[in-house]
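Note: hydrogens, waters and symmetry copies are ignored here, and every other heavy atom, side chains too, is used.
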Amino acid sequence: MGKIIAVCMSPEKGTAKQNVHYARVVENHGLEGDAHAGKWHRQVSLLSYETIENFKAEMAGASPLITDGSFGENIIIEGIDFKNLSVGTKLQIGQTELLITQIGKECHSQCIIGQTVGRCIMPEEGVFAQVLTGGKVEPGEDVTV
């Protein structure tokens, strides 16, 4: 079981997201108001809290620049190792249900995120999901696989 640490959104693709503290998740769409929402397979992006903390330790000089959403992630979750999950895995967050559709991604040519913090961890560590059932997500909520 995991726990939500942060919920983040941005109005533009390719930029860092800002912690919005909670969000309404819309079925087959994503986080209401987020640039990546829409009818496609990467409606919600997820990163593990542990991965972010490991990156901060590795890139100590960049650590102060890294805030919730720095890598373009929508939801930061503590306690779930996404590397051990596979496409087709379902995550339950309250009433919200997500289906993992992609693990990792091809990164844009030195995206703004990589330029700001040194490198982007979404290509290796990011997980993307489609929304099967909408609801509200906020920090402190339990996440089950």
Side-chain angles (χ1 to χ4, degrees), residues 1-26 29-38 40-94 96-132 134-145:
M1 185 180 321
K3 189 170 294 291
I4 293 181
I5 299 299
V7 178
C8 308
M9 289 194 287
S10 67
E12 295 179 44
K13 292 183 178 183
T15 63
K17 297 185 184 297
Q18 301 299 313
N19 189 334
V20 294
H21 307 291
Y22 69 90
R24 183 170 170 261
V25 183
V26 180
H29 183 73
L31 276 67
E32 187 174 67
D34 186 65
H36 287 92
W40 69 317
H41 70 288
R42 288 179 12 192
Q43 297 169 347
V44 178
S45 58
L46 308 144
L47 261 179
S48 82
Y49 173 77
E50 293 82 0
T51 295
I52 295 168
E53 290 304 303
N54 288 342
F55 181 84
K56 284 180 179 180
E58 176 186 324
M59 304 286 287
S63 186
L65 301 173
I66 300 168
T67 60
D68 297 338
S70 286
F71 299 104
E73 72 278 11
N74 289 123
I75 304 175
I76 300 170
I77 299 174
E78 180 179 37
I80 294 179
D81 183 1
F82 292 120
K83 286 185 176 183
N84 290 326
L85 302 181
S86 59
V87 170
T89 300
K90 292 181 181 178
L91 301 174
Q92 190 76 39
I93 307 168
T96 304
E97 186 176 40
L98 304 177
L99 175 70
I100 294 178
T101 55
Q102 184 174 329
I103 298 172
K105 72 174 191 115
E106 185 176 329
C107 201
H108 308 286
S109 177
Q110 193 57 3
C111 68
I112 190 70
I113 297 163
Q115 291 173 22
T116 304
V117 298
R119 78 177 162 92
C120 185
I121 57 177
M122 287 300 282
E124 301 96 30
E125 304 286 345
V127 173
F128 300 89
Q130 185 174 22
V131 180
L132 299 178
K136 183 180 173 185
V137 293
E138 61 187 326
E141 281 193 88
D142 290 336
V143 180
T144 55
V145 177

Considering all heavy atoms of both residues, which atom of Ser10 and which atom of Glu12 are nearest to each other, and what is their separation? OG-O, 3.0 Å
List for me each residue that meets side-chain hydrogen bond (donor to acceptor under 3.5 Å, both in side chains) alongside Gln102, sequence neighbours excluded, and say none if there are none. His41
Taken to the nearest 0.5 Å, the spacing of Asn54 CG from Ser48 OG works out to 7.5 Å
State the CD-CD1 distance between Glu78 and Ile5, to the nearest 0.5 angstrom. 4.0 Å
Residues that Lys136 engages under salt bridge (charged side-chain N to carboxylate O under 4.0 Å, His left out), provided they are two or more places apart: none
Do you know the tightest heavy-atom contact between Gly134 and Thr96? C-OG1, 3.7 Å
So NZ of Lys17 and NE2 of His36: to nearest 0.5 Å the spacing works out to 5.0 Å
Determine whether Glu141 and Val143 satisfy the following criterion, side chain to side chain contact (heavy atoms under 4.5 Å, CB included), listing intermediate values before the conclusion. CA-CA 7 Å; Glu141 281 193 88; Val143 180; 5.8 Å; no
Beyond-backbone contact of Phe82 with Leu91, side-chain heavy atoms, under 4.5 angstrom: yes
Which pair of non-hydrogen atoms, one from Glu50 and one from Gly79, has the smallest distance, and what is that distance? OE2-N, 2.9 Å
Start with the C-alpha gap between Ile4 and Ile93, add the side-chain angles, then the distance that decides, and say whether side chain to side chain contact (heavy atoms under 4.5 Å, CB included) holds. CA-CA 9 Å; Ile4 293 181; Ile93 307 168; 3.5 Å; yes
Interatomic distance, OG1@Thr144 vs NZ@Lys3, rounded to 0.5 Å, equals 11.5 Å
I need the Ile66 CD1 to Ile52 CD1 distance, nearest 0.5 Å. 8.5 Å
Is it true that, when you exclude Lys13 itself, more than 12 heavy atoms of the residues, nucleotides or ligands shown sit nearer than 6.0 Å to its NZ? yes
Determine whether Asp34 and Asn74 make a side-chain contact, defined as any pair of heavy atoms from C-beta on separated by less than 4.5 Å. yes
Looking at Val25, is its backbone amide N or carbonyl O close enough to the side chain of Glu32 to form a donor-acceptor pair, meaning the two atoms are under 3.5 Å apart? no
Looking at Ser45 and Gly72, what are the two nearest heavy atoms and their distance? OG-O, 3.1 Å
Smallest separation among heavy atoms of Asn19 and Cys8, with atom names: CA-SG, 3.9 Å
Any chance you could lay out the side chain to side chain contact (heavy atoms under 4.5 Å, CB included) test for Leu31 and Val7, step after step, and finish with the verdict? CA-CA 9 Å; Leu31 276 67; Val7 178; 3.8 Å; yes
Test item: Val26 and Val131 side chains (from C-beta on) under 4.5 Å apart, heavy atoms: no
Within this structure, what is the CE-CG distance for the pair Met122 and Leu47, rounded to the nearest 0.5 Å? 4.5 Å
